[in-house]
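Side chains are part of it too, since the values below use all heavy atoms of this structure and drop only hydrogens, waters and symmetry mates.
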Amino acid sequence: MGLGETLLAGLLVMVLAVALLSNALVLLCCAYSSKLRTRASGVLLVNLSLGHLLLAALDMPFTLLGVMRGRPPSAPGACQAIGFLDTFLASNAALSVAALSADQWLAVGFPLRYAGRLRPRDAGLLLGCAWGQSLVFSVAALGCSWLGYSSAFASCSLRLPPEPERPRFAAFTATLHAMGFALPLAVLCLTSLRVHRVARSHCQRMDIVTMKALMLLADLHPSVRQRCLIQQKRRRHRATRKIGISIASFLICFAPYVVTRLAELAPFVTVNAHWGILSKCLTYSKAAADPFTYSLLRRSFRQVLARMARRLLKRTPRPASTHNSSLDLASMVQQVLKRTPHPASTHNSSLDAENDSCLQQTH
């Protein structure tokens, strides 16, 4: 095994370890928190993480052995079964990402009607369609004997058939990548554009409130005013950065492999083994990146992970001290005063509501 194969094997081991750990954490969080798994987005995330976990556990190790040994598994029929799983899980992962982006658009664009528009049962039907489409392509490839060991990618997946079957195989490959890559990419870009428009409108309204609060608070310290303006700029770019990361990760992980597979159909193109293995590793890296992009970096999942860690370490919250009790008493008094209207504070209530957003950003 040369230097190139050693580096690719190390990259594959790292992707395999991160994919197993991160997807297992997502499934543990959803199993621990009933609030996460009862939502429609939770159903979609469980499906995506379960597919990535199966891909990491059942497909990546055989690709690693192919990189190290340069030959397929010796068991009869094992390579066809692995190729079936590879085709099914890769297509299902891309369609699940498209379903998650559509769910995000519904949650952001229609927040008050989101629960009625996409329920867990509807999410299950959507995933059923994705499973059906992935299963049709996998069964068709298995029935036509197009699954086997591909030395250019060091993995059990689609392989080039003999010359008389090349036209049918080319049509099948083009249709597979059109439905499993181009269609999810179009859905991802369209829904992300809608989410970005809604996020920009929300940021503009929040900027207006912030500027009004800064104008009213004339005696505000310059450092606090500057912090509010910096936070305002960060809020403008936050939605763009998140959307850009999701689209860029989809393209970086899937586009090289899809383009290589389509270029392989040309009779004058020979795929370099190192490039083929690298493009395959990039598709596997999607299984390691998605848990962080869609789950583990969110506040709800971080809170569940913190509760799980405290329970594992058997730490109980400390009793409230005298200072905390006085603060709680003060907050209770403040809530009571807010509920009881006072004639002198009627005019100032609207100003306080506008100033809260800026003051929250400073803390």
Margin query: So that I can tick it off, tell me whether Asp86 and Lys280 are bridged by a salt bridge, with the cut-off set at under 4.0 angstrom between side-chain N and carboxylate O.
Written below: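 Salt bridge between Lys280 and Asp86, a charged N being under 4.0 Å from a carboxylate O: yes.
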Is it true that [Y] and [X] share a donor-acceptor pair across their side chains at a distance under 3.5 Å?
X	Y	value
Ser157	Arg261	yes
Tyr294	Ser246	no
Thr63	Ser155	no

For the residue pair [X] and [Y], what are the closest heavy atoms and their distance?
X	Y	result
Ala263	Val269	O-CB, 3.3 Å
Ala154	Tyr149	CA-OH, 3.5 Å
Ala287	Met60	CB-CE, 4.0 Å

Is the closest side-chain heavy-atom distance between [X] and [Y] below 4.5 Å?
X	Y	result
Leu89	Asp59	no
Leu85	Leu55	no
Trp105	Leu190	no
Leu158	Leu176	yes

Next item on the list: Kindly indicate, with the supporting measurements, whether the criterion ring-ring contact (aromatic ring centres under 6.0 Å, His included) is fulfilled by Tyr257 and Phe181.
Entry: CA-CA 11 Å; Tyr257 181 75; Phe181 172 74; over 10 Å; no
Checklist line | Greater than 12 external heavy atoms within 6.0 Å of Phe62's CZ | finding: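 Counting other residues, nucleotides and ligands, CZ of Phe62 stays at 12 neighbours or fewer.
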Checklist line | From OG (Ser249) to NZ (Lys286), nearest 0.5 Å | finding: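 One gets 3.5 Å once the value is rounded to the nearest 0.5 Å.
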Item checked: Nearest-0.5 Å distance that lies between atom CD1 in Ile82 and atom SG in Cys156 ->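 Rounded to the nearest 0.5 Å, the CD1-SG separation comes to 4.5 Å.
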Next item on the list: Look at the aromatic rings of Phe169 and Trp146 and report parallel, tilted or perpendicular, splitting at 30° and 60°.
Entry: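 The arrangement is perpendicular - the two ring planes meet at more than 60°.
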Next item on the list: Dump the intermediate steps for side chain to side chain contact (heavy atoms under 4.5 Å, CB included) on Leu160 and Leu265, then the final yes or no.
Entry: CA-CA 8 Å; Leu160 287 173; Leu265 300 175; 4.2 Å; yes
